[in-house]
Amino acid sequence: MDKRDLDPTALVIVKETNTINFNEKIESMRSFARENGVPIIKDEGLVFLKNIIGLKRPMNILEIGTAIGYSALMMNSVCNSNIYTIERDEKMYNEATKNINELGVKNINIIYKDALEAFDLIKDIKFDLIFIDAAKAQYKKFFDIYTPLLNENGVVVCDNMLFHGVVVHEENYDNLTKGLRGLVRKLHAFTKELMENDKYDTTLYDIGDGISVSILK
Ligand code: SAH
Ligand code: MG
């Protein structure tokens, strides 16, 4: 008997995976990320994201920024959604493809393209959850391009919104390199605009690296 049958209150769907042990694979992906400086979602943020998925039960999820497929696989571990995830970096795309195939996961679709140019590939799909986690300076563009595909009451989640705490503290700006300062300014402007956008109810959470949740009214 499936364990789930015994606990009707269980939110988390523990899936069987093929070939290799899921936990071992995830652990090796975490090591890979650490060793190669891949900014995968922080533990706290991941728990939060999984909770949102458990409550929202999205049918289709769009992720912008696959990296090695870590967050996509973790999202997939708690839902039966179709996950579409976009990655522009060839090495990352290959690594994610390998990881997802090794686990025999079928419902994660990786799109190898710059997210600024991938709209046409998914324009006929409606999403219940959009997770934005790619180039921070482009968050506004990603938001503007992809939120027309959001279902009523759909949710947009953005990661790294507090960018290690520098975004909210303007007095920290002088300590940053010029490039980083520009990026932080853009992220700050996006955050402000998002908070003021009355089509959405937005809350910015001090979780992980800062996560915003915007619910389309
Ligand atoms: N979501 C992942 C981490 C993503 S890191 C996780 O938590 O496991 C950000 C990724 O976004 C990087 O791999 C980078 O190559 C990718 N990226 C950045 N800008 C992008 C763009 N415009 N289009 C597609 N991918 C992008
Ligand atoms: Mg992130």
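Source: prediction; values computed, not measured.
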What's the separation between atom CZ in F131 and atom CD1 in I64, rounded to the nearest 0.5 Å? 10.5 Å
Of V155, L216, L150, which meets side-chain contact (heavy atoms from CB on, under 4.5 Å) against I130? L150
Which pairs pass ring pair (Phe, Tyr, Trp, His ring centres under 6.0 Å) with one or both residues in residues 79-101, sequence neighbours excluded? Y84-F127, Y93-Y112
Using only atom types and a distance under 3.5 Å, with no angle test, would you say the side chain of N36 pairs donor to acceptor with the backbone of F32? yes
Distance-minimising heavy-atom pair for G45 and I211: CA-CD1, 3.5 Å
Closest approach of A72 to I83 (non-hydrogen atoms, all atoms of both residues): O-CD1, 3.6 Å
Note: I207 and E44 closest approach over all heavy atoms is CG2-O, 3.6 Å
Shortest non-hydrogen contact from I53 toward C79: CG2-CB, 3.7 Å
Distance in Å, K56 NZ paired with L129 CG, rounded so as to fall on 0.5 Å steps: 8.5 Å
Run the side-chain donor-acceptor check on residues 180-187: report pairs under 3.5 Å with partners two or more places apart or on a different chain.
| from | atom 1 | to | atom 2 | distance (Å) |
| --- | --- | --- | --- | --- |
| R181 | NE | Y173 | O | 3.2 |
| R181 | NH2 | L176 | O | 3.0 |

Under the rule for side chain to side chain donor-acceptor pair (under 3.5 Å), what residues qualify as partners of R30, not counting sequence neighbours? D43, Y70
Nearest-0.5 Å distance that lies between atom CG in D159 and atom CG in L46: 10.0 Å
Can you list every pair that meets salt bridge (charged side-chain N to carboxylate O under 4.0 Å, His left out) and has a residue in residues 194-208, with sequence neighbours left out? K192-E196, D201-K217
Does T97 reach the side chain of N101, with side-chain heavy atoms less than 4.5 Å apart? yes
List the steps and the verdict of side-chain contact (heavy atoms from CB on, under 4.5 Å) for M92 and V38. CA-CA 9 Å; M92 287 295 136; V38 181; 3.6 Å; yes
Rounded to the nearest 0.5 Å, how far apart are OG1 of T85 and CG of N109? 9.5 Å
Could you work out, with side chain to side chain donor-acceptor pair (under 3.5 Å) as the rule, every residue matching E95, not counting sequence neighbours? K98
Looking only at heavy atoms, what is the nearest atom pair of A115 and I145, with distance? O-CD1, 4.3 Å
Listed by chain and number, what are the side-chain contact (heavy atoms from CB on, under 4.5 Å) partners of K113, not counting sequence neighbours? I111, E117, A118, L121
Enumerate the residue pairs fulfilling ring pair (Phe, Tyr, Trp, His ring centres under 6.0 Å) with a member in residues 192-213, sequence neighbours excluded, ordered by first and then second residue. F48-Y205, F143-Y200
Validation row: F142, L116 side chains within 4.5 angstrom (heavy atoms): yes
Tell me every residue that passes side chain to side chain donor-acceptor pair (under 3.5 Å) with T202, counting only those two or more places apart in sequence or in another chain. S214
Given the rule in the side-chain contact (heavy atoms from CB on, under 4.5 Å) test, do S71 and L73 qualify, once you have shown the distances and angles that lead to the verdict? CA-CA 5 Å; S71 50; L73 280 166; over 6 Å; no
Is I125 linked to M59 within one hydrophobic cluster, defined over Ile, Leu, Val, Met, Phe, Trp and Tyr using a side-chain heavy-atom separation of less than 4.5 Å? no
N107 side-chain N/O to S81 backbone N/O, donor-acceptor pair under 3.5 Å: yes
Identify whether I215 and I61 are in the same connected component of the hydrophobic contact network (ILVMFWY, side-chain heavy atoms under 4.5 Å). yes
Quick check for you: to the nearest 0.5 Å, what is the distance between I122 atom CD1 and I86 atom CD1? 4.5 Å
Output the distance between atom CD1 (I132) and atom CG (L194), rounded to the nearest 0.5 Å. 8.5 Å
When you look at CE of M74, are more than 12 heavy atoms from neighbouring residues, nucleotides or ligands closer to it than 6.0 Å? yes
Nearest heavy-atom neighbours spanning I68 and A33: CD1-CB, 4.2 Å
Output yes when a side-chain donor or acceptor of N21 lies under 3.5 Å from a complementary backbone atom of E24, and no otherwise. yes
Can you tell me which residue pairs pass the salt bridge (charged side-chain N to carboxylate O under 4.0 Å, His left out) test with a partner in residues 132-142, sequence neighbours excluded? D133-K136, K140-D144, K140-E193
Applying side chain to side chain donor-acceptor pair (under 3.5 Å), can you list everything that pairs with N197, at least two apart in sequence or on another chain? none
Can you name the side-chain contact (heavy atoms from CB on, under 4.5 Å) partners of V47, sequence neighbours left out? N51
For residues 73-92, which residue pairs qualify under salt bridge (charged side-chain N to carboxylate O under 4.0 Å, His left out), counting only residues two or more places apart or in two chains? R88-D114
Check whether any side-chain heavy atom of H188 lies under 4.5 Å from a side-chain heavy atom of F163, and answer yes or no. no
